[in-house]
Amino acid sequence: MSISALSAQHSPRVSYRFVVPRTATAPKIVRDLVAVLVAVFGHEDIVGHLKVCVSEVVTNAYQYTRTAQITVDVSLGTDNVTVWVDDGRPGWLPRVPSSAPPWHDESGRGLYLVARIADELGVGASDDGAPRLGFSIGYEGAA
């Protein structure tokens, strides 16, 4: 899967925004918040996949920025959930590897995993124009 703009096929039914400090615990906190949110709306079938993807994109923001806060927008649509992560990195665009990194590499698997799990992966613009990373997972397509 390549990075592109996420399709805007369906308008969100409900949206939430989480702003967390850029700390080592941010990936777990956001992962758990988003998992509970999606489960409350009756989509337990995708929670496992969603947790992996949220962990990876928030970890990416934590590791590669020095911003004070990470903003996560979650939109629950009629067919899918879309998550956007904004880490305040102006001008930076993530690169998704086309194949898995060598087994002995200690990093570089995060966005590759997201690209393999999510139905869509994309880059968009935040309110201030900075790029942000997002993904969508369909409710019925979860394995």
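Contact annotation: the side chain of H43 never approaches that of V81 to less than 4.5 Å [non-hydrogen atoms, C-beta and beyond]. Using a 4.5 Å cut-off on side-chain heavy atoms (C-beta onward), N60 and E56 make no contact. Looking at heavy atoms from C-beta onward, D119 lies out of side-chain contact with N80 at the 4.5 angstrom threshold. Annotation: side chain of L111 is not in contact with side chain of F135 (no heavy-atom distance under 4.5 Å). Residues D73 and R132 are in side-chain contact: their nearest non-hydrogen atoms beyond the backbone lie under 4.5 Å apart. Taking 4.5 Å as the limit, some side-chain heavy atom of I137 sits within range of a side-chain heavy atom of C53.
In this structure, L50 CG and L37 CG are separated by 9.0 Å, a value rounded to the nearest 0.5 Å. Distance OG1/T67 to CZ/R22: 8.0 Å, rounded to 0.5 Å. Y139 contributes atom OH, which lies 6.0 Å from atom CD1 of I46 (distance to the nearest 0.5 angstrom).
Tested against F18 for a side-chain contact (heavy atoms from CB on, under 4.5 Å), the candidates I29, T71, V34 yield a single pass: V34.
Hydrophobic clustering (ILVMFWY, side-chain heavy atoms < 4.5 Å, transitive): L113 and L121 are in distinct clusters. V54 and V19 sit in two unconnected hydrophobic clusters of ILVMFWY residues. Membership requires side-chain heavy atoms under 4.5 Å apart, directly or through other members.
Between the side chains of R31 and S55, at least one donor-acceptor pair of N or O atoms lies under 3.5 Å.
In this structure a side-chain-to-backbone donor-acceptor pair under 3.5 Å is missing from Y62 to T25.
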